[in-house]
Chemist: 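Starting off with a structure, shown below.
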Number of protein chains: 2
Amino acid sequence: MSRSPAHERGPVRLRDVAELAGVATGTVSNTINHPERVHPRTRVVVEDAIRTLGFVPNQQARVLTGAASSVIGLVVLDVESPFYMETAHALERAVRESGNVVMLCNSEGDLEREEALLTMLAAQRVRGALLAPATPDAHADRYLNLPGNLPIVLLDFDGGDEHCSVTVDNVSGGALAINHLLGLGHTRIAFLGGSPNLRQFRQRAKGARGALQAAGLDPREHLTEVSVSGIGIRDGQQAAELLLESGVPDAIFCGNDMLAFGAYRALTSAGLSVPDDVAIVGYDDIEFAKDWVVPLTSIRQPIASLGQHAAQLLLEHSAGDDAHEHRHVVLEPELIVRSSSDRRRATTA
Amino acid sequence: MSRSPAHERGPVRLRDVAELAGVATGTVSNTINHPERVHPRTRVVVEDAIRTLGFVPNQQARVLTGAASSVIGLVVLDVESPFYMETAHALERAVRESGNVVMLCNSEGDLEREEALLTMLAAQRVRGALLAPATPDAHADRYLNLPGNLPIVLLDFDGGDEHCSVTVDNVSGGALAINHLLGLGHTRIAFLGGSPNLRQFRQRAKGARGALQAAGLDPREHLTEVSVSGIGIRDGQQAAELLLESGVPDAIFCGNDMLAFGAYRALTSAGLSVPDDVAIVGYDDIEFAKDWVVPLTSIRQPIASLGQHAAQLLLEHSAGDDAHEHRHVVLEPELIVRSSSDRRRATTA
DNA sequence: TCATGTAGCGCTCAGCTGGTC
DNA sequence: AGACCAGCTGAGCGCTACATG
């Protein structure tokens, strides 16, 4: 009468194990959750039964009886963007270390889709959600009335008093880039990414202007801001081509690394050398940056740290701790100098 | 007595809605699942109550009562590899179109981790799992006794009679690349990726040898196979540097695009021009390929199609259809010619 | 025709029985 | 006889289906 697990219909239940072991269901439950409460003799019998039947407890039923869910939702804008994927990976790592798992969802920058996903996650009664808002400029209000009051932590987005958040200081990152370029003697600088509708880019531009002012230079004179329509290589290339029509700057600071790769293509196509004619600085320091044809100087976001903080905030937040204080963690980016801005730098690292 | 959803403790239950609406729980359930069975007047009342309470049905409880889960697990080797991410995205898209959601898990090429993830997915009672096996050479046997007999579909891995699978013909892809290079007049070809432990690479190499033979050329004479230790840009660069020590080939066919980028770096560092001195062909046609400094000729995997087939197979498989016939879908790759092998080609596309 | 009541999905936990020393 | 421990029983988690009114 032994039924091979692989050929059964429907999953094995606790009760099946109990029957085979000749004990009550509660005893099986106990050997799984409180082994010390059950006599070693019985325990062995039950464990054998579990093994021969290939029993895997139904997590949904467990959660229904009050156990905390071990699933954490992660909603990102764009699963294909290298930066978001690296971030997702870091988050996954941090979440895993806490014994939970990530359910990765892609909002594709669509507000409705984001809402649908949050509802879905609430319906799944996940433990909480990490959310990289889909809107360039969503009001924090947007997340005030979450479906099923799902605990969330906002990524790279300041949620005001109502939510926890982990952000990286974009203003400071912009300043970092500009100060580096000024230090190299460049004063005719372009910022590629002056797209009006992306908050991160706007903040980086603000940091850039601030750094120029702090150095006693008028941004209107020394910083040309160029809009981009998207955030990919092509967009960067087009924008840089446009920029070159009105003169060659000393340096181009790009809103992200993909744009920087595009700028590189435009410059070399125009017969210009990087960094001799024009220096380039990117942003994000994605994996590709260090291995680009000319290794790219970039502003590195502290992804691993971001993941850890976000995971920890969410776990605290969802711990059921009644009076939860919403916290905001702000992390600092870091300048990584490579040969796209400074020929003296080694190719590696 | 109206409790604002955002300030409640614990999620709203069906019963809360029923109380507020002054009906029985069954009626609320009906207005959600079988609206036609409930009187319009009552329906409005219930719907109002649902809205004011912000009620989101507990999906776990639903599944417990027999509903099919709408979660599909996706286990991949490496969430940071561009190719896997593009594949994951395609799968997600296909799964979403079927009204389900993906739970993305990262096995990181680790067998134990893969097993733990499959058990976790079984415990979550997901509808099924899509699995890109973590082993270079796992026996299909490995997946014979799955925890909780989780329905699975194998990706890019032939599971024999015991599982459904969707694969792309790597042998044919290898041949495609070689025939293209032969057509350009190249006969001293290197295959970069002769790593002995990656099945995909072995199959591509096999296709390459076959194509040479079919053209009446002895592979031992015309094809130099170079091992790589990994699958990243650095690995490709190192392998290509090593290769150049023993002479410059007409063309390099790489096991994937990242290796090809690395080979490109090695060639240009050595003062060689692509494609004039050496042609390069990659594999996978990742997003980056078309925008590399010299746009890369590559073998494109039909990712979208792979996603659709895999999702469909899994849905069929998990439909509970008793006598399920395991099916194997084999897709054909496609040659995308760009300027890394043929200067006459436009930069775009 | 429409709403109600109830059983039960798989599991856990508090409370209990009954056998031992 | 009282203390104790192993294991059993049953209610209930949130929801749906089905048989009634």
Side-chain angles (χ1 to χ4, degrees), chain A residues 8-47 49-50 53-70 122-127 147-149 320, chain B residues 8-47 49-50 53-70 122-127 147-149 320:
Chain A
E8 263 175 80
R9 292 264 45 90
V12 184
R13 296 150 308 167
L14 191 70
R15 198 202 301 170
D16 301 327
V17 177
E19 268 170 34
L20 179 61
V23 296
T25 60
T27 306
V28 179
S29 172
N30 276 333
T31 82
I32 292 172
N33 303 301
H34 311 280
E36 75 286 357
R37 289 190 202 159
V38 41
H39 194 285
R41 207 177 334 109
T42 328
R43 191 157 55 195
V44 173
V45 177
V46 174
E47 278 163 355
I50 289 177
L53 290 180
F55 172 65
V56 180
N58 185 331
Q59 188 62 21
Q60 320 231 26
R62 271 184 167 176
V63 168
L64 207 52
T65 69
S69 167
S70 61
Q124 298 288 340
R125 297 296 191 268
V126 299
R127 174 133 184 201
N149 59 32
Chain B
E8 264 174 81
R9 291 265 46 90
V12 184
R13 298 151 305 166
L14 190 71
R15 197 201 301 168
D16 301 326
V17 177
E19 267 170 34
L20 179 62
V23 296
T25 60
T27 306
V28 178
S29 172
N30 275 333
T31 82
I32 293 172
N33 303 300
H34 310 280
E36 75 286 357
R37 288 190 201 159
V38 43
H39 194 286
R41 206 177 332 109
T42 328
R43 190 159 51 195
V44 173
V45 177
V46 174
E47 277 163 354
I50 289 178
L53 290 180
F55 172 64
V56 179
N58 185 330
Q59 188 61 24
Q60 319 230 27
R62 269 183 168 174
V63 168
L64 206 53
T65 68
S69 166
S70 61
Q124 298 289 339
R125 297 295 191 266
V126 299
R127 173 131 184 202
N149 58 32

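Only a predicted model underlies this, so the values are computations on that prediction, with no experimental measurement involved. Letters go in sequence order (proteins before strands), and every chain restarts at 1.
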Chemist: Could you give the CG-to-P distance, from N58(B) to dT16(D), as a whole number of Å?
Modeler: 9 Å
Chemist: Of the options dC15(D), dT12(C), dT6(C), whose atoms approach the side-chain atoms of T25(B) most closely?
Modeler: dT6(C)
Chemist: So, does R13(B) get its side chain near the phosphate of dG14(D), meaning an N or O under 4.0 Å from OP1 or OP2?
Modeler: yes
Chemist: Would a distance-only check, ignoring hydrogens and angles, find a side-chain to backbone donor-acceptor pair under 3.5 Å from R43(A) to P35(A)?
Modeler: yes
Chemist: What is the distance from CD1 of I32(B) to P of dC15(D), rounded to the nearest Å?
Modeler: 8 Å
Chemist: What pair of heavy atoms forms the shortest contact from A49(B) to A21(B), and how long is it?
Modeler: CB-CB, 3.9 Å
Chemist: Can you tell me which nucleotide in dC11(C), dA6(D), dT4(C) comes closest to the side chain of T42(A)?
Modeler: dA6(D)
Chemist: Take atom CZ of R41(B) and atom C1' of dT1(C), then tell me their distance rounded to the nearest Å.
Modeler: 11 Å
Chemist: Look at the side chain of R15(A) and decide which nucleotide, out of dC9(C), dC8(D), dG7(D), has an atom nearest to it.
Modeler: dC9(C)
Chemist: Reading DNA chain C from 5' onward, which residue's closest nucleotide shows up sooner: N30(B) or R125(B)?
Modeler: N30(B)
Chemist: Could you tell me whether V23(A) contacts a base, only the sugar-phosphate backbone, or nothing, with contacts defined as non-hydrogen atoms closer than 4.0 Å?
Modeler: sugar-phosphate
Chemist: Specify the separation, in whole Å, of atom CG of L64(B) and atom P of dA7(C).
Modeler: 18 Å
Chemist: Would you please confirm or rule out a distance under 4.0 Å between OP1 or OP2 of dC11(C) and any side-chain N or O of R62(A)?
Modeler: no
Chemist: Answer yes or no: is there a donor N or O on one side and an acceptor on the other, between the side chain of D16(A) and the main chain of R13(A), under 3.5 Å?
Modeler: yes
Chemist: Give a yes/no on whether any side-chain N or O of N33(B) is located under 4.0 angstrom from OP1 or OP2 of dT16(D).
Modeler: yes
Chemist: For S70(A), enumerate each residue passing the side chain to side chain donor-acceptor pair (under 3.5 Å) test, keeping only those at least two apart in sequence or located in another chain.
Modeler: none
Chemist: For Q60(A) and dC11(C), give me the distance from atom CD to atom C1', rounded to whole Å.
Modeler: 12 Å
Chemist: In terms of the nearest nucleotide of DNA chain C, which residue is placed more toward the 5' end: G66(B) or H39(B)?
Modeler: H39(B)
Chemist: Measure from the side-chain heavy atoms of L14(A) and tell me the nearest of dG14(D), dG7(D), dC11(C).
Modeler: dC11(C)
Chemist: Can you tell me how far P of dC4(D) sits from CZ of R37(A), to the nearest Å?
Modeler: 17 Å
Chemist: In this structure, how many angstroms lie between the C1' atom of dA6(D) and the NE2 atom of H34(A), rounded?
Modeler: 15 Å
Chemist: Could you give the CG-to-P distance, from D16(B) to dG14(D), as a whole number of Å?
Modeler: 8 Å
Chemist: When you check the phosphate oxygens OP1 and OP2 of dC11(C), does a side-chain N or O of S29(A) lie under 4.0 Å from one of them?
Modeler: no
Chemist: Give the minimum heavy-atom separation between A61(B) and L64(A), together with the two atoms involved.
Modeler: CB-CD1, 4.0 Å
